[in-house]
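Quick note: numbers below take in every heavy atom, side chains included, and nothing from hydrogens, waters or symmetry partners. The structure presented is a predicted model; accordingly, all values stated were derived computationally and were not measured. Lettering of chains follows the sequences in order, A, B, ..., and the numbering in each one begins at 1.
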Amino acid sequence: MPISSAPLPHAFFDRPAPLVAPELLGRVLSCTLPEGTVELRITEVEAYQGDDPASHSYRGRTARNAAMFGPPGHAYVYFTYGMHFCVNLVCGPGLAPSGVLLRAGEITAGLELARKRRATSRTDSDLAQGPARLTVALGIDRAQDGVDLHGPVLRLLPGSPPPTELVRSGPRTGVALGADTPWRFWTEGDPTVSPYRAHTPRRG
DNA sequence: TGTAGGATTACCT
DNA sequence: GGTAATCCTACAG
């Protein structure tokens, strides 16, 4: 097996999410399911941790967010808005609840399968442009909640991080609380980065 | 080009 | 009963 396919070590994730998040840009998440393998080069992420009111872990552990309270280096998959899945990479340190939401990326392998899953996409750059689109393209759902990132299904590979001058940070997208915390990180100029949208309250 | 509203489940108040 | 780490479609300009 080539060296480049060895996943990032456990210690990489065993730090607070805001420190891990910018280092995830350019890394490759591989997802292997019976239909095939899709690989994604990460271009946009957001960090969340326990003492942050916008984090799912802020009010303590529930059945839904249990994976965030588990060991680093695993996936936390949650269901939201009645129809969408989003995936986080669980960080630390230790069992401290923190994680990095994967918001967007570029499909680098399994393009045909990703196009099939994301049939409404008009272009390849929007196959994984947005956190819920990303999980559809990779085939991630509740079955991957709590799954190890060093296993046969999910693997986080070293990839090729962008030069530091292209790494940008700013407020997180669509969050109502803690909107002033610059824990969104993206690769400047990458066409797969999702457009920033401030939180918009819903009307009844 | 942009804005508005619907879909639909888990969780919290 | 209201809101949410969202996406898609429709329709106005």
Return the nearest nucleotide to the side chain of [X]; candidates are [options].
X         : options                  : value
Phe79(A)  : dA5(C), dC8(C), dT9(B)   : dT9(B)
Thr62(A)  : dA10(B), dA7(B), dC12(B) : dC12(B)
Tyr78(A)  : dC8(C), dA4(C), dA5(C)   : dA5(C)
Arg133(A) : dT6(C), dC8(C), dA5(C)   : dC8(C)
Cys86(A)  : dA7(B), dT6(C), dC8(C)   : dT6(C)
Arg59(A)  : dA5(C), dT13(B), dC8(C)  : dT13(B)

Taking side chain as C-beta onward, heavy atoms only, is Arg133(A) less than 4.5 Å from Ser121(A)? no
If every non-hydrogen atom of Arg64(A) is compared with every non-hydrogen atom of Tyr76(A), which pair is closest and at what distance? O-CE1, 3.3 Å
Leu24(A) side, atom CG; Leu8(A) side, atom CG - distance, nearest 0.5 Å: 8.0 Å
Less than 4.0 angstrom between a side-chain N/O of [X] and OP1 or OP2 of [N], yes or no?
X         : N      : value
Thr120(A) : dC8(C) : yes
His56(A)  : dA5(C) : yes
Arg184(A) : dA5(C) : no

Can you tell me, in whole Å, how much space there is between the P of dT3(B) and that of dA5(C)? 22 Å
Could you tell me how far apart [X] ([atom1]) and [N] ([atom2]) are, to the nearest whole angstrom?
X         : N       : atom1 : atom2 : value
Asp126(A) : dT9(C)  : CG    : P     : 11 Å
Arg61(A)  : dC12(B) : CZ    : C1'   : 19 Å
Asn88(A)  : dA4(C)  : CG    : C1'   : 14 Å
Tyr81(A)  : dA4(C)  : OH    : C1'   : 4 Å
Arg117(A) : dC7(C)  : CZ    : C1'   : 18 Å
His84(A)  : dA7(B)  : NE2   : P     : 13 Å
Arg103(A) : dT6(C)  : CZ    : C1'   : 9 Å
Met83(A)  : dC11(B) : CE    : P     : 17 Å

Report which part of the nucleic acid Arg64(A) touches: base, sugar-phosphate, or nothing (heavy-atom distance under 4.0 Å, all strands). sugar-phosphate
What nucleic acid atoms does Ala132(A) come within less than 4.0 Å of, heavy atoms only: base, sugar-phosphate, or nothing? sugar-phosphate
Please name the nucleotide paired to dA5(C) by Watson-Crick or G-U wobble geometry with both distances under 3.5 Å, or report none. none
Can you tell me the pairing partner of dT8(B) across any strand shown, Watson-Crick or G-U wobble, with both distances under 3.5 angstrom? none
Is the closest side-chain donor-acceptor distance between Ser125(A) and Thr192(A) under 3.5 Å? no
Please indicate yes or no: is the ring centre of Tyr48(A) less than 5.5 Å from the centre of the six-membered base ring of dA5(C), with the two planes inclined by under 30 degrees? yes
How about Phe79(A): does its CZ atom have over 12 heavy atoms from other parts shown lying under 6.0 Å from it? yes
So, are Arg41(A) and Asp190(A) salt-bridged, with charged N and O less than 4.0 Å apart? yes
